[in-house]
2 protein chains.
Amino acid sequence: MKQEIKVSVDAVVFGYDQESGVSVLLIKRRNEPFQKMWALPGGLVLNGESLDEAVNRELREEAGIDVNYLEQLYTFGSPERDPRNHAISISYFGLVRPQDFQLAAHTDAEDVAWFNIKKLPKLAFDHKKIIDAAIKRLRGKITYEPVGFELLDKEFPFSDLEKLYQTLLDHEIDRRNFKKKIIGLGILEELDETIQRKSGRPARLFKFNKKKYFELKEKGYNFDIFF
Amino acid sequence: MKQEIKVSVDAVVFGYDQESGVSVLLIKRRNEPFQKMWALPGGLVLNGESLDEAVNRELREEAGIDVNYLEQLYTFGSPERDPRNHAISISYFGLVRPQDFQLAAHTDAEDVAWFNIKKLPKLAFDHKKIIDAAIKRLRGKITYEPVGFELLDKEFPFSDLEKLYQTLLDHEIDRRNFKKKIIGLGILEELDETIQRKSGRPARLFKFNKKKYFELKEKGYNFDIFF
DNA sequence: CCAAAAGTGTTCGGCTTACACCCATGA
DNA sequence: TCATGGGTGTAAGCCGAACACTTTTGG
C-alpha cells in the first residue's frame with residue numbers, strides 16, 4: 001500500500017519585551033480543521049523544498065516575519081495528531097525581536113498575534129504540546145548558550161538581560177553575581193551611550209559581540225550560565 | 001500539486017564492549033539505490049504507525065534487535081538526500097548491550113554488523129552525517145545524564161564505566177576523582193560480588209540504581225559529569 | 001528631597017583538581 | 001616475584017553564593 005503521510009513544519013517563535021515578558025507568535029486559522037482557532041504558524045512542505053526553507057516561507061507568508069534565530073526542535077508523528085489524515089510535523093524553535101516587525105496575516109492565517117507564554121489561548125492540533133517542548137528548550141538553551149541576545153535590542157542595558165533571564169528561568173538573580181558572570185564570559189562590549197528609562201539613573205548600553213563569541217567557542221570555551 | 005514526500009526513519013544504535021570500544025549497528029542494503037552498501041537500519045513509516053513504532057519495527061526486522069534506550073535525534077529533510085525522490089528521515093539514537101543480541105539480517109538487509117565508530121565504511125545516503133550528529137549527541141548526553149549504564153552490563157566493575165567515559169570523551173580521567181564524583185551522585189549500588197578479569201586484582205561489581213536516579217531527578221537534582 | 005533604577009566588592013564554603021602508593025590476584 | 005589492574009585520601013585553589021549601600025536621574 002502506498003504511503004500517505006503528509007509532511008508539515010510548525011514554528012514556535014518567541015519574542016520578548018520589557019513589559020509583557022516572553023511571548024509566542026500565533027496565527028488564527030482561516031480553514032478547517034480547527035477553523036478560527038489559534039495555532040502555530042506552519043504548513044505543508046512543498047515538493048523539492050528543504051525543511052528550513054519551508055519554515056521560513058510559512059513565517060513570511062502567514063505572519064510577515066523573518067526570524068533571526070531558528071533551530072529544529074522535534075518531530076511529532078503520532079498518527080492521531082491530525083483528524084484528517086496521518087500527518088507529521090517537524091517543529092522549529094525561533095527567536096525574534098518583536099519590535100523589528102509589523103505582523104501581517106496572509107494566506108491560511110486570518111490573524112496573527114503575540115501571546116504571553118503564561119496566557120495562551122486554546123490551541124489547534126497538538127500545538128500546546130509543541131509549545132511546551134519549545135519553552136523547555138528555550139529555558140535549557142539560555143543556560144548554556146547565549147541565545148538570549150537574539151531576543152533583546154542590539155544595544156541593551158544590562159538590566160534587560162537580567163530581567164530576561166529572571167523571566168525565563170523564573171527565579172531571582174543576584175544582580176552583582178550575574179553581572180560578574182556574564183562580563184566574565186567576555187562576549188559583551190560596553191558602549192559609551194546610556195539609555196534613560198521612565199525613572200531612575202540612566203543605564204549603560206551593552207552589545208553582544210558575536211565575533212568574539214564564535215572565537216571563544218572555537219577554542220572550546222564553555223558558556224554555562226547556571227543558577 | 002499533490003505533496004509527494006516519503007517519510008522514513010533511521011536509527012543510529014550504539015553498542016559498547018571492553019575490547020572494541022563504541023560501535024554502531026549497520027546493515028548492508030539488499031536493494032537499489034546504494035545496493036550492497038552499508039547503511040543505517042531504517043525504512044518507510046507505515047500509514048497509521050507512530051515514528052517510535054516504525055523505528056522499533058525496522059530494528060527488529062532488519063537487525064533482530066530491541067534497544068533499551070531510544071530517543072529522537074534530528075530530522076533530515078534536504079530534497080537531494082535520496083536520489084529517487086524527496087524523502088525525509090527522522091533519525092533516532094539508540095543504546096544497546098551488544099552481548100544481549102544475536103544479530104540477524106532480514107527483509108531489506110542482506111547483512112548486519114557492528115562497526116567501530118572510528119572505522120566506519122562508506123555509507124549510503126547522508127548516513128555518515130546522521131552518525132556524526134548521533135556521536136556528538138552521545139558525547140554530550142553522557143556528560144549530563146547517566147545514559148552510559150545502558151551500554152554496560154547490568155553489573156559492572158567501576159573501571160568499565162571509567163573506560164567508557166574515557167573512550168567516549170576521548171581524554172584521560174583521574175580514577176579517584178571520577179569515582180568520588182559518580183559515587184557522590186548516589187545512583188550506584190555497590191554489590192558484594194567481584195569479577196576477575198584476565199589478570200590483576202578482582203573488581204567489585206556495581207549496579208545502576210534506576211529507581212534512586214528517578215527519585216533524585218524528581219527533586220530537581222542535577223547530574224553533570226563534566227571534565 | 002523622594003522615588004526609582006543602576007552600579008559596585010568582599011567574604012565564605014564547597015567543589016574541582018592534582019597527585020602517588022599499596023593491594024589482590026594469576027602466571 | 002612479577003605483572004596487571006583495583007582501590008584509596010588529602011591539600012590547594014578556584015568558583016559560585018550570599019549579602020547592602022551609594023549614585024544618578026526625574027518629578
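Each chain gets a letter, A, B and so on, in the order its sequence line appears, and its residues count up from 1. The model shown is predicted, which means the values in this text are computed figures rather than measured ones.
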So if I define the base as every atom that isn't primed, P, OP1 or OP2, how would nucleotides 18-27 of chain D read as a B/S/- string at a heavy-atom cutoff under 4.0 Å?
BBB--BBBS-

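- Sorted by first then second residue, the side chain to side chain donor-acceptor pair (under 3.5 Å) pairs that include residues 51-60 of chain B, not counting sequence neighbours, are B/E49-B/R57, B/D52-B/Y92, B/R57-B/E61.
- Atom pair A/I182:CD1 and D/dG16:P shows a separation of 11 Å (rounding to whole Å applied).
- Counting only N and O atoms by type, the side chains of A/E215 and A/Y213 include no donor and acceptor under 3.5 Å apart.
- Residues A/F125 and A/F34 place their aromatic rings such that the two centres sit under 6.0 Å apart.
- In this structure, the CD1 atom of B/I195 is 15 Å from the C1' atom of D/dT4, given to the nearest Å.
- For the pair B/R204 CZ and C/dT25 C1', the computed distance is 16 Å after rounding to whole Å.
- Rounded to an integer number of Å, the gap from CD of B/E162 to P of D/dT8 is 13 Å.
- Rounded to an integer number of Å, the gap from CG of B/L161 to P of D/dG5 is 18 Å.
- Residues A/L40 and A/I131 form a side-chain contact, since some pair of their non-hydrogen atoms from C-beta on lies under 4.5 Å apart.
- At whole-Å resolution of the value, CG in A/D224 and P in D/dC14 are 19 Å apart.
- For the side chain to side chain donor-acceptor pair (under 3.5 Å) condition, the pairs that include at least one residue of residues 113-127 of chain A, sequence neighbours left out, are A/R81-A/D126.
- The separation between B/E193 atom CD and C/dA24 atom P is 20 Å, rounded to whole Å.
- There is a side-chain donor-acceptor pair under 3.5 Å between A/T75 and B/T75.
- If you take CZ of B/F178 and C1' of C/dC15, they are 17 Å apart, rounded to a whole angstrom.
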